[in-house]
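The next block holds one structure in the form of structure tokens; read it before the comments.
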Amino acid sequence: MSFYSPVRLNSAEADASDRLHLFKFVDDPDQSNLDTFEGHGGYKALRHVLSSMQPAEVIETVKASGLRGRGGAGFPTGMKWGFVPKDSPKPRYLVCNADESEPGTCKDRVIMERDPHAMIEGMAIASYAIGSHLMFVYIRGEFAHCHDQVEKAMAQAYEKGYLGKNIFGSGYDLEMIVHTGGGAYICGEETALLNSIEGHKGMSRIRPPFPAVEGLYACPTIVNNVESLTAVPHIINRGAEWYKSLGTDKSSGSKLFSLSGHVKQPGNYEVELGFNLKTMIYDSAYGGGILGDKKLKGVIPGGASTPFLTPDLIDVGLDYESIVEKGSMLGSGAIIVFHEDTCIVWVIKKLIHFFRHESCGKCTPCRDGTGWLEQMINRIEAGQGKPGDIDKIDEVCGNILGRTVCPLGDAAVMPIQSSIKLFRDEWEYHIKHGKCLVKSDFKF
Amino acid sequence: MILTNASVASIQTKMAAYPSKKSAILPAITIAYRQVGYLSEDIYVEISGIIDVPAVEIAEAASFYTMFPKKPVGKYLIQVCHNISCALLGADSLIEYLEKKLDIKKGETTRDNLFTLISVECLGACATAPMVQINHDYYESLTPVRVDEIIAELRSQA
Ligand SMILES: Cc1cc2nc3c(=O)[nH]c(=O)nc-3n(C[C@H](O)[C@H](O)[C@H](O)COP(=O)(O)O)c2cc1C
Ligand code: SF4
Ligand code: FES
């Protein structure tokens with residue numbers, strides 16, 4: 001059996017390490033089978049939790065571990081679980097977010113393709129912790145292969161009695177539904193995701209109420225990213241203290257980073273939080289340096305919606321706090337690298353096209369604003385820029401920022417504003433001369 | 001009837017699992033798309049009959065999701081990712097290459113109805129760029145040689 005995707009991984013390193021854990025077995029072609037997974041210690045944590053831990057203890061353990069959401073916002077996972085009202089008579093739901101659509105991000109896919117039981121075990125523990133008896137995984141529609149792997153794993157788990165009624169004789173019942181999306185980035189936003197499961201258009205909801213109080217079918221719902229949930233069994237097995245000892249003080253644990261763009265060795269790499277970004281890009285065990293040994297021009301450190309870092313800013317730890325200090329965000333951990341032959345206006349043109357296309361259309365600043373931005377930026381890119389355009393773009397950005405129903409609006413403008421701040425010369429050159437300072441002419 | 005008995009059965013199974021029948025809309029659309037290759041008014045009406053939700057609500061949901069073609073496409077729907085990570089590694093030149101090779105423009109279908117070429121937003125394969133999705137399969141880390149092989153392979157299967 002071979003792997004579906006040819007993506008490069010540091011599984012061997014994870015396997016040799018006592019600290020890395022998410023990628024330990026993803027190079028075993030049989031890991032997606034329940035028996036092999038169990039042989040590697042799988043379902044031990046679920047068994048332990050169901051036989052000897054109270055739900056509140058599980059939440060406390062995850063809180064103490066310092067685990068923060070890997071879907072982009074970095075919100076403390078245990079704290080979120082604690083928001084589910086204790087006295088609500090309504091059913092509760094756990095939803096695993098496997099929409100993975102932020103450009104640059106391709107990590108959750110590895111877990112679903114190669115180690116789907118790891119995700120299912122994490123989902124089951126989270127469900128128990130919040131008192132849910134029905135859990136969903138929302139997989140982006142294009143990931144047909146992930147869907148098949150997860151459904152197969154789910155069927156095996158049901159067959160062995162690890163899902164369904166009275167799991168491990170504990171009296172706890174849990175059902176699972178695999179729901180696939182329809183190719184809309186906005187459905188990764190948790191409230192749009194819930195609307196999508198309910199059969200509506202995938203548009204975001206106004207908060208409050210927050211999903212933990214009123215989510216799916218107006219019932220308390222916890223939405224967590226695939227990677228966040230996959231970390232949970234390890235926290236149960238090795239203890240909160242162990243997990244807390246990984247990474248940095250405020251960003252504990254390990255994290256998957258998707259490295260793409262102009263590096264010699266793009267791939268998915270598991271490292272402890274706080275790992276140096278420059279090492280990630282240049283070290284031969286990871287990115288291996290810039291394609292063609294060209295000069296680095298910029299890095300998008302956390303997916304298409306995060307501000308740029310220039311080469312002088314990349315000697316930084318990949319953790320939530322350090323990246324913010326440099327003016328960007330860790331986001332989903334998607335590091336996109338581009339070298340000196342890349343036109344910054346061209347990069348922004350690609351990004352704004354994406355956000356305009358993916359805006360759900362619910363609120364005017366985002367719907368119309370991203371449209372205007374795309375028009376203006378396309379015009380500049382095509383050599384028809386006019387004096388004053390940069391300030392106009394900045395103004396439109398300012399009118400979107402913080403004024404939208406969901407964070408997609410902010411996501412669309414942050415890279416634009418950052419490009420103007422860091423590469424204003426290049427924007428001006430483009431407008432003045434009607435062409436790129438450097439032409440992005442990339443051949444595949 | 002357009003939907004096969006097997007498709008109807010899987011829609012019914014899906015529907016039974018959810019707390020609400022409306023939740024079966026997207027699964028039903030997906031099952032229909034997997035069988036037929038595109039969506040249509042007739043399909044919405046059939047789904048409406050199976051899950052007992054007005055056809056207009058099914059059409060409305062379907063219109064939101066760009067992944068499902070709303071009109072017939074070629075036997076092989078080639079979807080080239082044109083977002084940033086793929087673009088940095090030559091997605092634009094990949095599209096041009098396919099246009100030349102298939103002798104069509106983006107958005108068109110070849111005369112023999114074998115290939116439709118479109119470009120799409122990020123498909124979550126950014127570290128194996130550039131890439132395309134053809135029907136339900138991903139083809140990653142593409143080179144011109146590999147593209148030639150894939151097209152030849154698909155032609156020979158057709
Ligand atoms: C536009 C948009 C797209 C998002 N896409 C995803 C996604 O694909 N996967 C994901 O896990 N979270 C995504 N999120 C974040 C989710 O809304 C949510 O915060 C997350 O799933 C919570 O899980 P976590 O706490 O484990 O990170 C997105 C947010 C926004 C605003
Ligand atoms: S910010 Fe954009 S994506 Fe979010 S609700 Fe408003 S229109 Fe929709
Ligand atoms: S940018 Fe092409 S797959 Fe993500």
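Below, read A as the first sequence line, B as the second, and so on, with proteins coming before strands; counting in each chain starts at 1.
With a threshold of 4.5 angstrom between heavy atoms, B:Ala129 does not approach chain A through any atom at all. Residue contact with chain A, scored on non-hydrogen atoms closer than 4.5 Å, involves the side chain of B:Ile25 exclusively. Using a 4.5 Å cut-off between heavy atoms, A:His179 contacts chain B through both its backbone and its side chain. Only the backbone of B:Thr143 comes within contact range of chain A, with at least one heavy atom under 4.5 Å from a heavy atom of that chain. Contacts of A:Gln265 with chain B are absent, with no heavy-atom separation under 4.5 Å from either backbone or side chain. Contacts between A:Leu216 and chain B at a heavy-atom distance below 4.5 Å are absent for every atom of the residue. Residue A:Asp148 touches chain B through its side chain alone, counting heavy-atom pairs closer than 4.5 Å. Using a 4.5 Å cut-off between heavy atoms, A:Phe354 touches chain B through backbone and side chain atoms alike. For B:Pro130, the part sitting under 4.5 Å from any heavy atom of chain A is the side chain, from C-beta outward, and nothing else. Heavy atoms of B:Val147 lying under 4.5 Å from chain A belong exclusively to its side chain. Heavy-atom distances place both the backbone and the side chain of B:Leu94 under 4.5 Å from chain A. Neither the backbone nor the side chain of A:Val263 comes within less than 4.5 Å of any heavy atom in chain B. Contact of A:Ser258 with chain B is not made at all, since no heavy-atom distance falls under 4.5 Å. Of the atoms belonging to A:Arg140, it is side-chain heavy atoms, and not backbone ones, that fall under 4.5 Å from chain B. Interface residue B:Tyr97: only side-chain heavy atoms are found under 4.5 Å from chain A. Proximity to chain A is limited to the side chain of B:Gln133, based on heavy atoms less than 4.5 angstrom apart. Heavy-atom distances place the side chain of B:Lys14, and not its backbone, under 4.5 Å from chain A. Heavy atoms of A:Tyr93 lying under 4.5 Å from chain B belong exclusively to its side chain. For a residue to count as touching a neighbouring chain, one of its non-hydrogen atoms must lie under 4.5 Å from one of that chain's; by this rule A:Phe143 touches chain B with backbone and side chain alike.
Among the candidates A:Ala144, A:Pro91, A:Ser101, the residue making the largest number of heavy-atom pairs closer than 4.5 Å to chain B is A:Ala144. Of the residues considered (A:Cys360, A:Ser440, A:Gly267, A:Gly202), A:Gly202 shows the highest number of contacts with chain B, using heavy-atom pairs under 4.5 Å. Note: A:Phe444 leads A:Phe442, A:Phe444, A:Tyr217 in heavy-atom pairs under 4.5 Å with chain B. Each of A:Ala334, A:Ala184, A:Pro266, A:Gly361 has some count of heavy-atom pairs under 4.5 Å with chain B, and the biggest count is that of A:Pro266. Chain B forms more heavy-atom pairs under 4.5 Å with one residue of A:Tyr4, A:Tyr185, A:Phe338 than with any other, namely A:Tyr4. Per-residue counts of heavy-atom pairs under 4.5 Å with chain B were compared for A:His200, A:His339, A:Glu102, A:Lys349; the largest is that of A:His200. Interface check for chain A: of the options B:Thr30, B:Leu88, B:Leu89, the most heavy-atom pairs under 4.5 Å are formed by B:Leu88.
Closest of all the heavy-atom pairs between A:Ile197 and B:Ser23 is O-OG, 2.7 Å.
The structure places CD of A:Gln149 at 10.5 Å from CD1 of A:Ile139, a figure rounded to the nearest 0.5 Å. Once rounded to the nearest 0.5 Å, the distance linking CG of B:Leu117 with NZ of B:Lys101 reads 13.0 Å. Note that the CZ atom of A:Arg8 and the NZ atom of A:Lys264 stand 12.0 Å from one another [nearest 0.5 Å]. A distance of 11.5 Å separates CZ of A:Phe308 from CE of A:Met414, quoted to the nearest 0.5 Å. One finds the CD1 atom of B:Ile29 at 6.0 Å from the CD1 atom of B:Ile47 (value rounded to the nearest 0.5 Å).
Because its NZ or CZ atom is not both nearer than 6.0 Å to the ring centre of B:Tyr139 and within 45° of the ring axis, B:Arg146 does not count as a cation-pi partner of that residue.
Between the side chain of A:Ser132 and the backbone N or O of A:Arg92 there is at least one donor-acceptor pair closer than 3.5 Å. Put simply, the side chain of A:Asn97 gets close to the backbone of A:Gly188: a donor and an acceptor are under 3.5 Å apart.
For A:Arg109 and B:Glu140, the salt-bridge test passes: some basic side-chain N is under 4.0 Å from an acidic carboxylate O. Salt-bridge annotation for A:Glu100 and A:Arg70: absent, with no side-chain N of the basic residue lying under 4.0 Å from a carboxylate O of the acidic one.
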